[in-house]
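The structure appears right after this line, and notes come after that.
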Amino acid sequence: MRNRKITPYALVLPAWAWLALFFVVPIGGMLSLSLTTGNVITGFEQSFAVGNYVDAVSTYWEQILRSLFYGACATVLCIAIGYPVAYWIAFKGGPYKSTYLLLILLPFFVSFVLRTISWRFLLSDNGVVLGPLKSVGLVPEGFALLNSAPAVILGLAYNFLPFMILPIYAVLERMDPRMVEAAHDLYAGRFQAFVRVILPVSLPGVFAGVLMTFIPTSSDYVNASVLGGTHNTMIGNVIQTQYLINNNYPIASSITFVLMGLLLIGIFSYARALGTERVMEVHA
Amino acid sequence: MATSTTSPTPEAPPATEPAANRPAITLNGVVKAFRSGSETVRAVDGVDLAIEAGEFFSLLGPSGCGKTTTMRMIAGFEEPTEGTVLLEGKDVTGVAANHRDVNMVFQSYALFPHMSVADNVAFGLRRRRVPKDQIRTRVAEMLDLVELGHRAKHRPTQLSGGQQQRVALARALVNQPSALLLDEPLGALDLKLRQSMQVELKRIQREVGITFVYVTHDQGEALTMSDRIAVMNEGRVEQLGTPAEIYERPATRFVADFIGTSNLVRGVVKGRAGDHWKVEVADGATALVAELPDTVTTGAHIHLTVRPEKMRIGTDAPGTDVSRVPGTVTETVYMGSSTHYQVDIGGGEEVTVYQQNASGSTLVAQRGESVWLSWRPEHSYALSS
């Protein structure tokens with residue numbers, strides 16, 4: 001009997017050890033690092049200096065807000081593009097559903113950084129997009145997309161689009177087509193059936209998609225550094241610079257925690273607003 | 001005051017009278033062809049039906065016989081390739097499902113998981129912009145009818161299968177459609193629940209008086225609930241009639257096979273004997289048949305069908321006023337209330353006989369014993385196979 005009681009705990013032990021080693025220890029280390037003073041030459045001293053956080057927020061509030069804004073824009077863009085794509089594949093894909101999904105994932109066999117750099121060619125001042133537009137005079141000669149906020153947001157939306165499409169597709173694909181027929185049977189036209197039945201039932205997929213795009217986009221630094229130039233830096237760039245160039249670990253760690261805290265607050269209030277129990281229920 | 005009540009109201013001619021005589025649903029030569037690869041499959045192949053208002057009508061047949069496609073064409077989810085669909089005499093071919101005055105109960109229930117039971121039921125009324133207070137009372141009434149008033153605020157996922165089924169029924173019925181279409185609604189329920197829901201459905205249909213069109217592959221369900229049944233096979237209606245007509249007098253070999261258990265015996269017509277026809281079956285035994293189709297004449301080879309419970313089995317030779325066939329018992333199966341015998345009647349034919357165990361559990365005959373089978377002339381029919 002004793003052994004039986006221990007067995008489940010013994011089985012879960014590797015997972016706990018993994019979590020402790022690769023999640024709890026690093027995050028604890030980073031938390032203690034964020035509360036130190038000093039520099040990389042003289043060493044860091046555990047001073048429990050909360051001032052690091054004050055410094056982080058007061059110096060970089062602009063980048064923090066910009067990151068959340070870019071992340072939100074990219075997420076909205078992902079929903080606007082991803083939902084129709086997921087809908088189309090799920091309901092009109094027929095026997096080629098998995099082919100279409102593969103096509104969406106195909107670019108992701110190429111390195112993330114490389115894909116982002118290739119957007120520099122697409123968006124360059126006389127590139128494939130702006131070149132023809134300028135030559136027919138639709139766009140003024142001096143117009144540039146590169147090194148601007150829209151370029152960063154476009155890059156973010158492009159890079160994280162599949163993370164929006166896949167969860168929405170998964171929910172739509174599982175949906176009982178009879179349920180949509182039931183809506184039509186109960187006098188709902190195509191629009192009413194979509195708004196009253198398909199959309200609300202697919203919200204858990206949108207919810208998952210938002211989590212999977214908003215968190216990585218708002219903490220991303222590659223897109224801003226490749227496509228954003230010098231005036232559109234995001235908080236990810238700041239963290240990178242502070243860690244790897246300035247070696248100011250205390251400030252870098254405190255910004256990291258500020259960002260993490262903001263994202264957690266955002267996600268929880270978002271889940272609250274949408275009603276997690278409803279989300280869970282539809283999933284079950 | 002008194003005079004005004006006696007004066008006839010000008011805008012009340014008996015407009016509903018002719019509607020009562022008109023069939024609720026009419027199908028005229030309906031064909032549905034599906035393209036499957038390079039070939040076309042005619043899932044429904046020329047169906048003509050007139051379903052009367054207020055009747056409980058079943059479409060019965062094996063899977064793939066076209067019964068569900070037929071129903072989906074009535075609902076408006078499929079358009080017929082040929083032919084027309086009429087609801088209360090009005091041609092609705094080509095009219096979208098949301099503009100048809102019929103409602104459907106789906107096999108998978110297809111309830112809206114993000115809405116409460118009450119909101120599910122109110123869905124159709126809201127789309128039709130029925131006033132709010134009226135919606136509230138009608139939804140409450142309907143939930144009471146299906147005995148789910150106390151579950152109005154629950155989500156469908158919190159209910160049992162049988163309860164979800166009743167919500168689906170209420171959601172359709174609350175709209176007071178001219179006909180309710182039910183697509184194997186009890187298919188997902190277990191046997192006990194299915195039997196109690198059969199009684200329940202019949203009660204509800206009597207109470208609301210709406211035409212029910214019921215699709216099922218379960219002959220028991222169709223026989224117990226229906227006013228009339230259309231037995232379908234390979235996209236066509238094989239036989240249309242009351243449950244008793246279909247069970248007692250199957251028109252085709254398919255119907256005889258599909259509904260209940262039937263014995264099929266090959267025979268040759270030998271001529272008339274008094275009121276009956278004499279048919280030679282098996283190895284020269286004589287069966288008597290009350291009537292034969294007009295097309296059948298002496299010398300014709302036919303198939304006779306006899307229900308197992310209409311046959312008598314005994315060791316004494318029966319009289320000459322009944323069909324009498326000798327045979328050998330090959331198997332006996334004790335079933336409690338009855339015993340089933342397999343009897344070899346020669347000529348390579350075997351029949352099944354059900355004998356009620358009225359007096360104790362004694363077997364009429366053991367395996368290997370010689371017996372006489374007999375049945376009355378009016379209990380066997382010739383089939384147009």
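Here the structure is a predicted model, which means the values were calculated and not measured.
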Task: Shortest non-hydrogen separation from B/Ala110 to A/Ala182 and the atoms involved - done: O-CB, 3.9 Å

Side-chain polar contacts of residues 204-212 of chain A - donor-acceptor pairs under 3.5 angstrom, sequence neighbours left out - could you list them?
none

TODO: Check each atom of B/Arg126 against the heavy atoms of chain A and say whether the ones under 4.5 Å are side chain, backbone, both or neither.
DONE: neither

Task: Heavy-atom proximity to chain A below 4.5 Å, by part of B/Leu111 - done: backbone

Task: A/Asp185 side chain to B/Met104 backbone, donor-acceptor under 3.5 Å - done: yes

Under 3.5 Å donor-acceptor pairs involving side-chain atoms of residues 187-196 of chain A, not counting sequence neighbours:
from: A/Tyr187; atom 1: OH; to: B/Asn103; atom 2: OD1; distance (Å): 2.9
from: A/Gln192; atom 1: OE1; to: A/Arg196; atom 2: NE; distance (Å): 3.0
from: A/Gln192; atom 1: OE1; to: B/Arg127; atom 2: NE; distance (Å): 3.2

- [ ] Could you tell me the separation between the CD atom of A/Glu181 and the CG atom of B/Asp183, rounded to the nearest 0.5 Å?
- [x] 9.5 Å

Open item on the list: Does any backbone or side-chain atom of A/Asp176 lie under 4.5 Å from a heavy atom of chain B? Answer side chain, backbone, both or neither.
Closed with: side chain

Open item on the list: Strictly less than 4.5 Å between heavy atoms, which residues of residues 128-143 of chain B line up against chain A? Please order them by number.
Closed with: B/Arg128

Task: Heavy atoms of other groups near A/Phe112 CZ, more than 12 under 6.0 Å - done: yes

Which side-chain N or O atoms in residues 84-111 of chain A pair as donor and acceptor under 3.5 Å with protein atoms at least two apart or in another chain?
from: A/Lys97; atom 1: NZ; to: A/Ala90; atom 2: O; distance (Å): 3.4
from: A/Lys97; atom 1: NZ; to: A/Glu173; atom 2: OE2; distance (Å): 3.2
from: A/Ser111; atom 1: OG; to: A/Val113; atom 2: N; distance (Å): 3.3
from: A/Ser111; atom 1: OG; to: A/Leu114; atom 2: N; distance (Å): 3.4

Open item on the list: Less than 4.5 Å apart, side chain to side chain, heavy atoms only: is that true for A/Arg178 and B/Gln107?
Closed with: no

- [ ] Please tell me if the side chains of A/Met179 and B/Pro113 come closer than 4.5 Å, counting only heavy atoms from C-beta onward.
- [x] yes

